[in-house]
Amino acid sequence: MRPHLSRVPGVLGEIARRRAEEVVPYPLPPAPEAVPSFREALLQPGLSVIAEVKKSSPSEGAIRALDPVAASLAYQRGGARAISVLTEPHYFGGSLEDLLRVRQAVDLPLLRKDFVVDPFMLKEARAYGASAVLLIVALLGELTGVYLEEARRIGLDALVEVHTERELELALEAGAEMVGINNRNLTTLQIDLTTAPRLGRLAREAGFGGVLVAESGYSRREELKPLEGLFDAVLIGTSLMKSPDLEEALRALVG
Ligand SMILES: O=C(O)c1ccccc1NCC(=O)[C@H](O)[C@H](O)COP(=O)(O)O
């Protein structure tokens, strides 16, 4: 079952509609028998970092044409607990090949970072070595629970992404065990670092006891302070990818 994408505004809608046109099921390679748990990795003490391999983006244009394996190995050495690999090709320069190559090179759990708009994309994620997928409530709406169930059924963790109070409500109603709060408005691309702590507090007040991840816009250590004691993890891409030394940059950011 596919979401109605005609109602999704801005660049997010453009990316998702293009992605939906491209999904044509094909025979997948055999999935790895076991992959490390994304959820358990983020539940280790302290604020876990999910470091992102991101070559370009709508907000930045070209970021850096760094080999995803070299970037991931640097992230692993720098203390990342998980790695997010963009697999969207047109706006982010990613691919499933990148995901597979990173899977073969590092021991950390991998998040397939894409715009999931068809259940086949979940099967692809599993086949190419992901431990988890991103489910964006602004795209999936009322179908979020259906995609969440399907992800679980095939052995994937799901990070359910929200940006507004209404989306947070939908994520919690859908039974999300991991909620990602994006500071970036995916329609305007504006970043507001108060979004994650504000919605994070609302989630905890509503009794959410699962994994909370703050996403987007972080580049300095002091910006992580409001996340302490509230969030389990932070997802960081652009600022790390732009750093001359990714390993050092990660250490400097989280200590
Ligand atoms: O990054 C973008 O410009 C973007 C545009 C449209 C949809 C999604 C987009 N980014 C996805 C993300 O959420 C980020 O890649 C991720 O949270 C890391 O953010 P950052 O550290 O700011 O690169």
Side-chain angles (χ1 to χ4, degrees), residues 5 8-20 38 42 47-64 66 68 71-72 75 78 80-95 98-99 110-117 130 132-140 158-164 167 171 178-197 199-200 211-221 223-224 227 231-243 246 249-250 252-254:
L5 298 175
V8 181
V11 70
L12 179 64
E14 270 173 46
I15 300 170
R17 285 188 287 275
R18 187 160 179 185
R19 220 60 191 114
F38 184 76
L42 303 189
L47 187 68
S48 297
V49 175
I50 308 164
E52 185 159 280
V53 177
K54 186 178 183 184
K55 297 176 205 167
S56 59
S57 73
S59 49
E60 293 279 329
I63 298 172
R64 191 164 172 194
L66 191 58
S72 301
Y75 286 156
R81 300 240 170 102
I83 295 175
S84 164
V85 182
L86 257 311
T87 57
E88 196 285 335
H90 310 292
Y91 298 78
F92 295 87
S95 68
D98 286 353
L99 182 63
L110 307 182
L111 172 70
R112 179 187 184 184
K113 193 81 185 314
D114 209 314
F115 300 81
V116 170
V117 286
V133 282
L134 185 76
L135 300 179
I136 302 176
V137 174
L139 292 180
L140 299 174
L159 179 62
V160 180
E161 181 178 296
V162 304
H163 177 69
T164 64
E167 288 170 11
M178 295 195 292
V179 172
I181 303 178
N182 204 335
N183 292 309
R184 182 179 281 114
N185 176 321
L186 298 187
T187 307
T188 63
L189 302 185
Q190 295 298 307
I191 289 194
D192 175 356
L193 293 188
T194 66
T195 306
L199 293 186
V211 173
L212 266 188
V213 180
E215 302 176 18
S216 300
Y218 295 102
S219 59
R220 287 179 298 125
R221 196 177 175 137
E223 290 166 346
L224 304 180
L227 307 179
F231 281 80
D232 301 286
V234 59
L235 171 61
I236 309 175
T238 307
S239 68
L240 292 174
M241 287 296 288
K242 281 185 173 175
S243 306
L246 280 69
L250 187 49
L253 208 54
V254 288

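One-based numbering along the sequence shown. Read the numbers this way: they start at 1 and go in the same order the structure lists the ligands and their atoms. Side chains are part of it too, since the values below use all heavy atoms of this structure and drop only hydrogens, waters and symmetry mates.
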Does [X] pair with [Y] as a salt bridge, N-O distance under 4.0 Å?
X    : Y    : value
K55  : D98  : yes
E88  : K113 : no
R184 : E215 : no

Nearest protein heavy atom to [atom], by residue and atom, and its distance?
atom                    : value
atom 18 (C) of ligand 1 : E52 OE2, 3.4 Å
atom 23 (O) of ligand 1 : T238 OG1, 2.5 Å
atom 17 (O) of ligand 1 : S216 OG, 2.7 Å
atom 6 (C) of ligand 1  : L189 CD2, 3.8 Å
atom 13 (O) of ligand 1 : N182 ND2, 3.0 Å
atom 8 (C) of ligand 1  : L186 CD2, 3.4 Å

So, taking the atom named CD1 in I83 and the one named CD1 in I50, what distance separates them when rounded to the nearest 0.5 Å?
11.0 Å

How many angstroms lie between CD1 in I63 and OG1 in T238, if you round to the nearest 0.5 Å?
4.0 Å

Tell me whether [X] has any N or O atom under 3.5 angstrom from an N or O of ligand 1.
X    : result
K54  : yes
S59  : yes
Y218 : no
K113 : yes
G237 : yes
F92  : no

Is the backbone N or O of Y218 less than 3.5 Å from a side-chain atom of S239, with the two atoms forming a donor-acceptor pair by type?
yes

Proximal atoms of ligand 1 relative to G217 (non-hydrogen, under 4.0 Å)
20 (P), 21 (O), 22 (O)

As an exercise, identify every atom of ligand 1 less than 4.0 angstrom from a heavy atom of I236.
21 (O)

Quick one: do L135 and V133 satisfy side-chain contact (heavy atoms from CB on, under 4.5 Å)? Show the steps, please.
CA-CA 6 Å; L135 300 179; V133 282; 4.3 Å; yes

For F115, the ring-ring contact (aromatic ring centres under 6.0 Å, His included) test, sequence neighbours excluded, returns F92

Return yes if a side-chain donor-acceptor contact under 3.5 Å exists between S216 and N183, otherwise no.
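No, because no side-chain N or O of S216 sits under 3.5 Å from a partner of the opposite role on N183.
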
List the atom of T87, the atom of R112, and the distance in Å for their closest heavy-atom pair.
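In terms of heavy atoms, the two residues are closest at OG1-NE, 2.8 Å.
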
Minimum heavy-atom separation for N182 and E161, please, with both atom names.
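Heavy-atom minimum between the residues: ND2-OE2, 3.1 Å.
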
Answer yes or no for P58: is there a heavy-atom contact with ligand 1 below 4.0 Å?
yes

Residue-ligand contact L12/ligand 1, heavy atom below 4.0 Å
no

Side chain, backbone, both or neither: which applies to R184 and ligand 1 if a contact is any heavy-atom pair less than 4.0 Å apart?
side chain

